[in-house]
Amino acid sequence: MADTPGPAHPRPLRLEALAYGGDYNPDQWSEDVWDEDVRLMLEAGVNLVSLPIFSWPQLEPAPGVYEWGWLDRILDKLWAAGIAIDLATATATPPSWLLRAHPEMHPMDAEGHRLEFGSRQVYCPSSPVWHENVARMTRAMAERYGSHPGVVLWHISNEYGDHTSRCWCPESTRHFRRWLQDRYGSLDGLNDAWGVNVWGQRYTSWDHIEAPRKAPGPINPTQLLDFERFSSDAMLQLFQLEVDVLREVTPDLPVTTNFMSMFRDLDYWTFADAEDIVTDDAYPEPADPIAHVGAALNYGLMRSLKGGRPWLLLESSASATSWRDVNVPKAPGKMRVDSLQAVAHGSDAVMFFQWRQARYGQEKFHSSMLGHRGEASRTYRETKALGQELKRLEAVRGTRVRARVGLVVDWDSWWGSSAIESLPSQRLNWARQARAWHRAMHLLGQPVDAVRAGGPFEGYDVVLVPNLYIADEAQAAALTAFTESGGHVVVGPFSGVVDATEKVHDGGAPGPLRGLLGVEVDEQWPHADGVVETVDIAGASHENPAWAEWIEVVPTPPSGATDASPGASGRMGPAATAVIGTYSSGELEGRPAVTRRDAGTGAAWYVSAMLSEEGLSAVFAEVLGGAGLAARTEVDVDFEAVTRSSDDTDFTFALNHGRTPLKIRVPEGALDLVTGERTGATLTLDRYGVAVLQTPRDGIPPFLTLAH
Ligand code: GLA
């Protein structure tokens, strides 16, 4: 079948190299600086820049009066030098004249304050005036520059939701009501979904419904959840508006909007469906020695949002940011290892905010590729070196990460489990669970992809479900089918609790997952702050600081023909649930904490506690063993290895995120693309060192370990 554009066949990026460059703001400089910019960009190996992201007022200084000249000149200058353009639609922030003419366009916070001009992203996502003007500006940009040979990608808006992800103004409230009408059809439907008989909240008119604001007490949880869903959808609608205009005017150009890694407020699965290429802005905290672990989770999500296709790191920092309380610079070498980590995880780009460090405004202390000292700046020296190095890694472009472990990323459960009230405990929520579970798996040496709760799970051996507070039958069926065909599922606490309207499933948790897991939760049993209980697993005691559950192991019905044959445990007959870990202190002492039910040729684990990292590692090492996957026995948080593969070649990135050299075991005779030399049986990664080992593709990716 022809590879035509569409969700399954996104438009590709026309760039015959790993992309290297950054945000470029030529309109903050006089034109005589531009020639130097281009000269230094070329010297540094820059081949792609993003502009004009925040330049609407400079392009349309008065309604209908356009000043394209400066943009024409810089685009031509860049392209004449062979530098391609990620062209922004310039709709990231509105000009003052638009806001002054339409004060109702200002976003409103939950307390009813209109947010003022003087910063960026000053718009209500649902404003019809904003929509109309965004469509107009996008069309004007597309018509003027859509056929410019240098333009290879559309950069729609900028970091949706960075400053304004929710709006409580009257227009947003009307939009919220329309969204609810679409979802529930009738007021009866809404009243039923929201469970309004609790605390007397029956609605008798759509006009009575408000976006959730400060109320005397806890707010209806389904109202809160629907407002999260609505707000994400409202932003998606705004994004789709631009996508539609661009698809109409420039049907062959790919479109993107830059994400913000794991961002709570927007369901990126839905955004990724609407675009051609996933792009991400990543700012791991330089002062945090394990920030790279969180980054690995973020990058796993980015590559998974479009089924494993390469994504682009569109922004990162060469050194310090300027938006933290304290902005610690990146030590020499750190920018390189941070950048190559993104490439290791499937990015075909290393891009920065921004090319030239600003002299004025909100971001003048934010580092850039070219620092205030220009060519003499340290960041420029490191920028040049990295640009050269990326050329040596060209062979990895287009290849895909081979991960055997997927982690369920589910925005509904994220929103539902992190409401600020009406939950058993504020100490457990999806994000906290996801980070902890990812970290434990990461330390065992297995790269982790993201998967949707309903699958598909093909290609994975292990699926982690750190929390699935909101779960439905279809998700349970997909997870069950996965285990029955040999998959290994691990489900975390407080899962399968409620349905999509936040009604507790019949019989309580784990609701639709009961058959899969073979357990029932009698009561959630969070600990008071400061109380640390324990769980015993295989004779070792592990801390359990915040959450436990009173669970009962239950017999489960036979689940198809495979149940009559020996499972992984060698048992015959219907699968029983084995107790693998036991609460060993507190009121639940002696009761099951961790269980495993063999199903088909796979297994389904339930971890009812919020285990410490060691406890999780113990469980996950068992799971990996059962699934035939390797696990590191010696762990060093600084050490990471990820393999990207083409049809016939593996490229294994070995990264040292720390300052102490690491000696590792590697495939002998591999070509290290960084040094151009063949490896011995071991190699030493220096401080922030990176090796990229090229080997013929094998059944499973090389598994690198520490050597001593
Ligand atoms: C975000 C924005 C950029 C810039 C950087 C600074 O990523 O998209 O415009 O403000 O932050 O880190």
Side-chain angles (χ1 to χ4, degrees), residues 19 21-29 48-58 85-94 118-123 125 153-165 235 238-239 242 256-266 268 271 275 277-288 291 294-295 298-299 301-302 311-330 334-335 338-339 342 347 349-372 379 383:
D23 284 14
Y24 182 37
N25 291 300
D27 45 334
Q28 294 175 16
W29 300 89
L48 182 69
V49 290
S50 309
L51 77 161
I53 299 174
F54 300 103
S55 303
W56 188 338
Q58 286 88 286
I85 295 125
D86 163 35
L87 193 67
T89 51
T91 54
T93 203
S119 187
R120 60 184 174 183
Q121 240 175 47
V122 194
Y123 59 78
L153 178 63
W154 280 117
H155 179 299
I156 296 178
S157 187
N158 191 70
E159 292 193 343
Y160 281 113
D162 178 22
H163 305 293
T164 316
S165 69
M235 205 66 90
L238 181 59
F239 178 46
E242 291 205 44
T256 191
T257 188
N258 46 340
F259 292 157
M260 289 179 284
S261 300
M262 280 275 178
F263 180 56
R264 178 187 181 278
D265 290 357
L266 302 179
Y268 281 155
F271 277 71
E275 65 184 3
I277 298 174
V278 170
T279 56
D280 190 40
D281 298 350
Y283 292 94
E285 161 66 282
D288 175 0
N298 298 335
Y299 301 156
L301 173 65
M302 291 303 138
W311 55 283
L312 308 177
L313 176 69
L314 210 61
E315 283 186 30
S316 58
S317 68
S319 186
T321 56
S322 59
W323 40 262
R324 295 184 163 102
D325 282 0
V326 177
N327 295 283
V328 173
K330 290 186 177 174
K334 179 104 175 81
M335 178 262 266
D338 280 3
S339 302
S347 173
V350 174
M351 309 269 293
F352 296 89
F353 174 85
Q354 59 180 326
W355 161 249
R356 185 185 276 276
Q357 188 166 12
R359 285 190 54 216
Y360 53 87
Q362 288 91 327
E363 302 192 291
K364 58 184 174 295
F365 298 117
H366 197 293
S367 65
S368 298
M369 299 170 84
L370 190 64
H372 284 146
T379 53
T383 291

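One-based numbering, in listed order, for ligands and for the atoms of each.
- A heavy-atom distance below 4.5 Å is found between the side chains of Leu312 and Leu153.
- Donor-acceptor pairing under 3.5 Å is lacking for the side chains of Glu242 and Ser157.
- Aromatic ring centres of Trp311 and Phe259: separated by at least 6.0 Å.
- Defined by atom type and a distance below 3.5 Å, a donor-acceptor pair is present between the side-chain atoms of Asp280 and Ser261.
- Around ligand 1 you find Phe54, Arg120, Asn158, Glu159, Asp281, Tyr283, Glu315, Trp323, Phe353, Glu363, His366, each with a heavy-atom distance below 4.0 Å.
- Looking at Leu51, Val49, Leu370, Asp23 one by one, the single match for side chain to side chain contact (heavy atoms under 4.5 Å, CB included) with Gln354 turns out to be Asp23.
- In this structure, a donor-acceptor pair under 3.5 Å is absent between the side chains of Thr379 and Ser319.
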